[in-house]
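Values in this document were obtained by computation on a predicted structure and should not be read as measured data.
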Amino acid sequence: MARFYDTVNDSDLKRVEGLLKKGGIVFTSRILGADSALKEIQVAEEDFASAERVLYGKS
């Protein structure tokens, strides 16, 4: 898995997860540090370009 996106809050996390799910991209998320509210989303390296297209609306 490759580091794809660091969320700034829970609504950002839900937005990005929703876009990835809608795009059929498999991902995982994890908390960055014990005292952090930030979460990291990871995608498979082979799906990275597709995940960028889904998230940023690139054709």
Practice item. Mind telling me whether Phe4 and Tyr56 have parallel, tilted or perpendicular rings, with 30° and 60° as the class edges? Key: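 Answer is tilted, since the angle falls between 30° and 60°.
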Review point. Do you know which two heavy atoms are closest between Val54 and Leu19, and how far apart they sit?
Key: CG1-O, 3.1 Å
Revision key, fill the gap. On a heavy-atom basis, the closest approach of Arg30 and Gln42 is NE-NE2, 3.8 Å
Practice item. Answer yes or no: are there more than 12 heavy-atom neighbours, outside Glu46 itself, under 6.0 Å from its atom CD? Key: yes
Check your understanding: Would one find more than 12 heavy atoms of other residues, nucleotides or ligands at under 6.0 Å from atom CG of Leu32?
Key -> yes
Nearest 0.5 Å please: distance from the [atom1] atom of [X] over to the [atom2] atom of [Y].
X	Y	atom1	atom2	value
Leu55	Arg15	CG	CZ	6.0 Å
Thr28	Glu17	OG1	CD	10.0 Å
Leu38	Thr7	CG	OG1	6.0 Å
Leu13	Glu40	CG	CD	11.5 Å
Met1	Phe48	CE	CZ	11.5 Å

Review point. If we only count heavy atoms from C-beta on, is the Lys39 to Asp10 side-chain gap below 4.5 Å?
Key: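 Lys39 vs Asp10: side chains touch.
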Review point. Taking Asp47 for the side chain and Val43 for the main chain, is one N or O donor matched with an acceptor at less than 3.5 Å?
Key: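 Judged by distance alone, no pair lies under 3.5 Å.
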